[in-house]
Amino acid sequence: MSQPAVMQAPVIPTTQRKGHPKGLAVLFSAEMWERFTFYGNRALLTLFLVSALGFSQEDSSIIYGGFLGMGWLTAILGGFVADRYLGNRACIILGGLTMSLGQLFMFTSGILYATNVETARMIMWAGLGVLILGNGFFKPNISSMVGQLYPKGDNRLDSAFTIFYMGINLGALLGITICPILGDVKHFEGAKEIRDITAFKWGFLAASIAMLVGTVMFYFLKDKYVVSPEGEPVGTKPKKGDSDQAQFSNKAIAITVVAEIILMAIFYKVIGVNLLYAFIYSTGISLGGLILSDKSLNSVERQRIIVIYIISFFVIFFWACFEQAGSSLTFIADQQTDRRLFGWDMPPSLIQNAQSLTLIALAIPFSFLWLRLQKMKMDPISPVKQAIGLGLLAVGYWIIALQVKDLGNAKLGVIWLFVLYLFHTLGELSVSPIGLSLVSKLAPKRFTSLLMGVFFLSNASGYALAGTLGTLLPPTAQTFGKAAEKGIDLPGILNGAVPLTAQLQAQLKTLQLPSSYPQFAGFTIHNLYEFFMLFVILPGVAAILLFLLSFFLKKMMHGVR
């Protein structure tokens with residue numbers, strides 16, 4: 001017999017509540033330092049892999065996407081452990097200390113590469129693994145705690161998550177500023193620009209220290225400020241025998257494991273997806289089925305969870321395109337962009353800061369915008385906001401696609417990357433904090449952290465897809481110049497005018513030069529214009545479809561906006 005639908009908690013008028021709980025500032029601070037660590041590492045990672053450890057750009061993009069994807073995939077583990085065993089607080093502290101340790105591994109790799117590159121690579125893999133595990137424990141639990149600071153149905157949640165999201169980007173701003181200044185250092189030898197590879201380690205060390213500071217601050221402030229509206233501690237260890245817990249049957253768990261194996265085989269063997277990415281995609285699908293099989297769910301809860309899954313699917317395309325910032329867009333900034341700004345030649349990894357600066361400037365205005373629209377009864381529902389965010393992302397890529405269409409061998413003005421990141425930030429403010437708020441509103445309490453982890457699967461899958469799409473970056477003018485210096489007619493090889501002999505193939509591999517143009521879904525990508533148009537089409541189509549679906553999703557949300 002199905003259980004009766006749970007009534008939506010009454011919404012307290014916004015005018016009766018002033019400001020935000022002090023606990024939001026504590027969580028804001030902890031998240032800020034964690035994002036310092038994450039984005040500081042992200043800004044340096046692909047450049048470190050290519051410059052110090054000898055990976056190709058294509059391989060570094062795959063590693064980058066896998067690292068980001070697995071970091072968000074382990075959010076499922078962190079959410080489950082918190083909901084069932086340790087609680088949010090303990091998982092945040094465990095995750096923070098683990099990530100600080102992971103950055104120390106990266107620091108060690110940055111020391112040893114010069115004397116033993118193989119050992120440095122092994123330590124790098126260990127460091128990324130530890131960072132992945134730490135992020136999984138930290139990320140879903142701090143996000144789910146934001147929602148627990150407010151009463152059910154509180155109108156301030158969209159505003160609260162937007163402010164919280166500003167903490168994310170303040171940390172990103174600091175990380176992408178300090179870590180590249182310390183770690184991405186260049187100097188000139190005559191007219192030639194040379195990267196100081198020995199400097200990478202200092203960027204990783206700064207990220208390690210930042211994470212340790214954030215964890216210690218959270219530990220000492222949590223008991224006083226991170227409390228519920230009734231003054232009870234938020235995120236404590238769950239009680240044994242609590243009836244408000246998930247009820248997964250052994251049969252459902254067994255079916256989930258079998259489904260995971262089958263789906264992995266399909267993605268890997270049939271579709272040809274990278275094994276790590278196949279694991280990420282299959283986990284998202286199979287875990288969704290497991291949660292919906294829970295016997296304690298009633299029909300309203302089940303429909304709301306389905307809405308979370310549908311939104312998560314569309315968000316994949318946002319992050320797949322947005323996260324080119326750390327791979328293909330970084331390489332374009334490094335090789336194909338005139339980075340001079342007021343006489344200063346910016347480090348390519350530092351240009352990503354345009355996102356963080358813009359978001360910090362706009363987060364508070366967006367927060368007030370949502371509250372203002374609510375008062376005017378014009379606030380769009382969350383799926384519509386996220387469709388708008390996808391559309392803004394597509395517009396950003398369309399603008400820069402027009403700029404590179406007839407670029408030839410000239411360099412792109414850095415201002416156009418700033419314009420691109422402006423539209424990306426506007427899209428991000430319409431997608432990510434609103435999505436976090438929506439999960440907090442829709443998720444049953446017993447599933448809050450776990451479903452936050454499920455929502456982060458859209459990040460994991462998006463980042464994995466970002467790694468795949470990043471490999472589609474076509475040769476740039478610098479690549480052709482590098483080939484010409486070695487007497488290789490690379491345009492002729494790529495266009496089929498020059499036969500590709502075994503000797504020439506080996507020479508291209510040694511020089512890490514492509515032997516063919518990249519292809520996607522049967523289409524060949526010859527230049528940057530075609531590359532950027534791919535990122536116009538993917539989120540653009542997703543935006544239209546999500547907007548059309550939003551009318552059906554509104555009914556399934558049962559009063560939640």
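Values in this document were obtained by computation on a predicted structure and should not be read as measured data.
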Take the angle between the ring planes of [X] and [Y] and call it parallel below 30°, perpendicular above 60°, tilted in between.
X	Y	result
W33	F36	tilted
H424	Y397	tilted
F267	Y281	tilted

| message | Aromatic contact between F204 and F107, with the criterion being ring centroids under 6.0 Å apart: yes or no? | response |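 No: the rings miss the under 6.0 Å criterion.
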| said: Walk me through whether F48 and F200 qualify under ring-ring contact (aromatic ring centres under 6.0 Å, His included). | reply: CA-CA 7 Å; F48 175 66; F200 280 112; 5.4 Å; yes
When rounded to the nearest 0.5 angstrom, what is the spacing between [atom1] in [X] and [atom2] in [Y]?
X	Y	atom1	atom2	answer
C179	Q103	SG	CD	7.5 Å
L128	M70	CG	CE	11.5 Å
F480	D489	CZ	CG	9.5 Å
M211	M99	CE	CE	4.5 Å
I111	L205	CD1	CG	8.5 Å
L534	F531	CG	CZ	7.5 Å

Can you name the nearest heavy-atom pair linking [X] to [Y], along with the distance?
X	Y	answer
A320	A466	O-CB, 3.3 Å
F105	G127	CB-CA, 3.4 Å
G54	Q512	O-NE2, 3.2 Å
C321	P539	SG-CD, 3.6 Å
P514	L490	O-CD1, 3.3 Å
L494	S515	CD2-C, 3.6 Å

| request: Tell me whether the guanidinium CZ or amine NZ of R35 lies under 6.0 angstrom from the six-membered ring centre of F38 and within 45° of its axis. | output: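 Yes, R35 lies over the aromatic ring of F38.
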| Can the positive tip of R121 be found less than 6.0 Å from the middle of the six-membered ring of F55, inside 45° of the ring normal? | yes
If you draw a 6.0 Å radius around [atom1] in [X], do more than 12 non-hydrogen atoms from other residues or ligands fall strictly inside?
X	atom1	value
Q519	CD	yes
F418	CZ	yes
Y268	OH	no
Y225	OH	no

| side-chain contact (heavy atoms from CB on, under 4.5 Å) between V81 and L94, worked out | CA-CA 12 Å; V81 170; L94 175 62; over 6 Å; no
So do [Y] and [X] actually touch side chain to side chain, heavy atoms under 4.5 Å?
X	Y	answer
K224	K22	no
F535	I400	no
D59	T471	no
N88	I142	no
V146	L24	yes
L465	E323	no

| request: Evaluate the criterion side-chain contact (heavy atoms from CB on, under 4.5 Å) for residue pair W319 and S461; output intermediate values, then yes/no. | output: CA-CA 8 Å; W319 292 118; S461 300; over 6 Å; no
| field | Verdict with supporting geometry, T98 and N135, side-chain contact (heavy atoms from CB on, under 4.5 Å) | value | CA-CA 8 Å; T98 302; N135 186 77; over 6 Å; no
Whether [X] side chain and [Y] backbone form a donor-acceptor pair below 3.5 Å:
X	Y	answer
S109	M106	no
E530	H526	yes
R195	D184	no

| request: For a side chain to side chain contact (heavy atoms under 4.5 Å, CB included) with F138, tell me which candidate from T37, I92, I93 qualifies. | output: I92
| Do you know which of V431, L392, T358, L393 makes side chain to side chain contact (heavy atoms under 4.5 Å, CB included) with L426? |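 Running side chain to side chain contact (heavy atoms under 4.5 Å, CB included) over V431, L392, T358, L393 with L426 returns exactly one hit, L392.
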| field | Verdict with reasoning, L508 to L500, per side-chain contact (heavy atoms from CB on, under 4.5 Å) | value | CA-CA 10 Å; L508 291 174; L500 184 61; 3.8 Å; yes
| task | Just jot down the side-chain hydrogen bond (donor to acceptor under 3.5 Å, both in side chains) partners of S430, sequence neighbours excluded, or say none. | result |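 For S430, no residue satisfies side-chain hydrogen bond (donor to acceptor under 3.5 Å, both in side chains) once neighbours in sequence are set aside.
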| said: Testing the 3.5 Å rule here: is there a donor-acceptor pair between the side chains of S208 and S100? | reply: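 S100 and S208 do have a side-chain donor-acceptor pair below 3.5 Å.
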